[in-house]
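These notes are about the structure you will find just below.
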Protein chains: 2
Amino acid sequence: MSTFVRGNKDLIRAINRNLILNTVRRHGALSRTQITEISRLSVGAVSQITNELLTDQWLLQSGEGDYTGGRRQTLLRLNPAAGCAVGVKLMERRIVCALTDLESRVLRYFDTPMPPEQDPSLIAAALADAVETTVASSGVERGKLLGIGIGLAGVSSPQTGVVHYSPFFGWRDVPLADLVRVRLHLPVYMENDVNTLTLSEMLFGAGRHIDNFAVVTIGRGIGMGLVVNQQLYQGATGGMGELGHITFDPAGPLCTCGKRGCLEAFAADPAVIAYVRHSRSALDAPRTLDDVIALANGGDALARAALARSGEILGIGLATVVNLLCPSLLIVSGEGVTAGDYRIAPMLEALRTHTFNGLLDDVQVIVEPTDDQAWARGAASIVISKVFESPLIEAGATA
Amino acid sequence: MSTFVRGNKDLIRAINRNLILNTVRRHGALSRTQITEISRLSVGAVSQITNELLTDQWLLQSGEGDYTGGRRQTLLRLNPAAGCAVGVKLMERRIVCALTDLESRVLRYFDTPMPPEQDPSLIAAALADAVETTVASSGVERGKLLGIGIGLAGVSSPQTGVVHYSPFFGWRDVPLADLVRVRLHLPVYMENDVNTLTLSEMLFGAGRHIDNFAVVTIGRGIGMGLVVNQQLYQGATGGMGELGHITFDPAGPLCTCGKRGCLEAFAADPAVIAYVRHSRSALDAPRTLDDVIALANGGDALARAALARSGEILGIGLATVVNLLCPSLLIVSGEGVTAGDYRIAPMLEALRTHTFNGLLDDVQVIVEPTDDQAWARGAASIVISKVFESPLIEAGATA
DNA sequence: AACTAACTTCTTTCACTGAATGAAATAAGT
DNA sequence: ACTTATTTCATTCAGTGAAAGAAGTTAGTT
């Protein structure tokens, strides 16, 4: 139930401050005159607000413009150091933190193991410690920290900050955001891990300035993130994007989730590895996807077939996404896309074959691998995105 | 590329006018004091704006409130006759028009056949004529007409008003909205037909006040409409919701779209009918879905099996929607849901079976049939929704 | 029964605030 | 002298909230 916004002077100011901030963020260094033209605000308003933003250190002077016949323009740009955020990727046995500035540049990266622990408050404490260590060792003022973003696998609600289900820790309805917040006294945002990556693409990656796009991750599982009207789609309760668990064949093998014939059970990395292992002696059986790729590169027909079949089925899954949602951009990412042409070429081929009637013509497809740092950076960008979010959108933080 | 909004006094006024209008629309008859409480606006602002809306005839006085110890409240309510809209469902051989008031009540319904014509400008002319006839015969002032909404099958772009592909007329990139607009001199909005129904559900049906939901229509084809954050999702180019053309079995039969194994080729009404016809003499072979249902009711095992199989596959399609998008509500509609328990029960069963891990717990499922009037009413509600839309959202009309 | 005073609540009025606006003034260069 | 960038400033107007005004009921009095 979205609440309506009430209009008053404060709102106007907030809108225009935000407008100028975003204008500068988008276009880089701009003069006040250029801001006036782009934002369509009056010169007076731009003058007053930019000077306010300069005193608040949100903007910086950055040299002068070219000579165009009169007084030179004073160029203004965003101060990336005006604030920072820590993004956390929480995994089964590791906590990965990334401290970024406003432009999402990683200033400090911190990767620490975690004891095999399941108790929510102990994990929250470990997480808060990792964040404090990251900040302390970075040299950045603690006061500049705008908030924390946490990304973790499973189903969680960003609105309430509750983890409804975590496959790693076996949690049910754990208020993780609250547990961390009371330790750090900062706004804490939480997201599905795929969504953090999606946000990162939306803000700083290929999805910049694109209204509607989808991110599909391939690895141990298959996930999906969705951007709709420049906003991250979060489903009703945060549970969404279970692309890996759509039914591919109702008569197929049992999946880890208990259902039969999930896409994941056919086409995710473990399925590919298992497929090759079955017909091999225990000695030279592949243990990781990289092993399979090595075999395929070495000419192994079975490994090539396994990768090709996985690719084809993934392509059908991607086609389902395109048919249902028709995004302008489809980003395929995750550890699994390193598998090279043996997997990716059949995937793109199947995507084309199974997409409805010319729908793909307007869809750009990008394949790119990721690493842990990208995920953590994405988690940090949740916080950054809130900072630049229009005041018209209700803030959904646990602040 | 969404443009940012600039804040000024006009915007404030527009926001608050809209806020009050929507407050009254939601809550029914309200006094100024009550509006003040709900909208959190100051008494002064409410007084001024409501009086402005009264002079503009957008609001009406509607009696007095109960005695609460002092002066009685003057109740205000929305004037449903402040404006009206015509919704058009454009079909292969018929034009169906519905003239509705602001509360989406149908004031006039007009159904007229169309010659087997394909030329865009002739069809646009016929459409404009049908609209004029509808308005003239309704007795409503022409000046009250706020706009036209057109719903038609195929792929069209609401932003530009261009029909990219129409299965009925074989069109490619026809600027239908423009063709109609120059004849009527009114804003013309266009949508996929399923989206018009979705909008109708969002504004006046089961989807009222629900942020995220999906509408799936079953009939000759299988379509889907999506509401995200209280907004209709329109994909990148308007082409979306092709649930009927996701691949169910890559080795399946050829679909009308040219692909193999589409959901539609397995589970839409024509597939059910064909399935039963094959094993019957030409004489008592069913020609419509109703024939099949009659056979099933009469005890025919084959008809029952055909319906059950169709239902099961539909259920898998619905599960795909839930797995990917996790809406709070799923509305199943269209002519095909009249098929009763032989089809619907297996469908719901399959939906449950193929949905990921408790994701369905929070999803409400509603099955309800529709008729042509509902579609046309939905098309009209596009216009109505624009009228009440927040001024913060860029209007995407061909106005 | 008629009238009045007291009281309560709803609605309007009005002085005030502050943000955008745009013209004019000022600054800063060639 | 000229051009362009930026600031200043009087003006406008929407929201704010206190106070005034309007409109009703109740209780007490005549």
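Within every chain, numbering begins at 1; the chains are lettered A, B, ... in the order of the sequence lines, protein sequences first and strands thereafter. Quick caveat: nothing in here was measured; it's all calculated off a predicted structure.
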Under 4.0 Å, heavy atoms only, any strand: does A:G7 hit a base, just the sugar-phosphate, or nothing? sugar-phosphate

5'-most contact on DNA chain C (nearest-nucleotide basis), A:E64 vs A:I12, goes to A:I12

With rounding to the nearest 0.5 angstrom, report the CD to CG distance, A:Q48 to A:L41. 11.5 Å

Rounded to whole angstrom units, what separation is found between the CD atom of A:Q48 and the P atom of C:dG18? 12 Å

With B:R6, which of A:L19, A:I15, A:I12 fulfils side chain to side chain contact (heavy atoms under 4.5 Å, CB included)? A:L19

Heavy-atom nearest nucleotide on DNA chain C taken for B:E37 and for A:R13; more 5' hit belongs to B:E37

Answer yes or no: is there an ion pair linking B:D10 with B:R13, defined by an N-O contact shorter than 4.0 Å? no

Describe the nucleic acid contact of B:V46 in one word from base, sugar-phosphate, nothing, applying a heavy-atom distance below 4.0 Å. nothing

Grab the CG-P distance between B:L75 and C:dC10 for me, whole Å please. 11 Å

Distance under 4.0 Å to a non-hydrogen atom of chain B counts as contact; along DNA chain D, which nucleotides mark the start and end? D:dT12 to D:dT25

Backbone of A:G44 reached by a side-chain donor or acceptor of A:S47 within 3.5 Å: no

State whether the side chain of B:R17 and the backbone N or O of B:I49 hold a donor-acceptor pair below 3.5 Å, judged by distance alone. no

Indicate, with a heavy-atom threshold strictly under 4.0 Å, whether A:T68 touches base, sugar-phosphate, or nothing. sugar-phosphate

Is a side-chain donor or acceptor of A:N18 paired with a backbone partner of A:F388 at a separation under 3.5 angstrom? yes

Could you state the atom-to-atom distance from CG of B:L59 to P of C:dT11 in whole Å? 13 Å

Please report the distance, rounded to the nearest Å, between CG in B:D10 and P in C:dT21. 9 Å

Position toward the 5' end of DNA chain D (nearest nucleotide), A:S31 or A:Y67: A:Y67

Would one find a side-chain N or O of A:R71 under 4.0 angstrom from OP1 or OP2 of C:dT30? no

Nucleotide C:dT26, atom C1' - distance to CZ of A:R32 in whole Å: 14 Å

Using a cut-off of less than 4.0 Å, is there contact between a side-chain N or O of A:N16 and OP1 or OP2 of C:dA19? no

Counting only side-chain nitrogens and oxygens, does B:T74 get under 4.0 Å of the OP1 or OP2 atom of C:dC10? no

Does A:K9 contact C:dT17 through a side-chain donor or acceptor facing the base, at a distance under 3.5 Å? yes

For A:R40, is the CZ atom crowded, meaning more than 12 foreign heavy atoms sit under 6.0 Å from it? no

Do you see a donor-acceptor pair shorter than 3.5 Å between the side chains of A:N51 and A:R32? yes

Protein-nucleotide distance (B:N51, atom CG; C:dT12, atom C1'), rounded to Å: 8 Å

Nucleotide C:dC10, atom C1' - distance to CD of B:Q61 in whole Å: 13 Å

Taking atom P of C:dT9 as reference, at what distance in whole Å does atom CD of B:Q34 sit? 14 Å

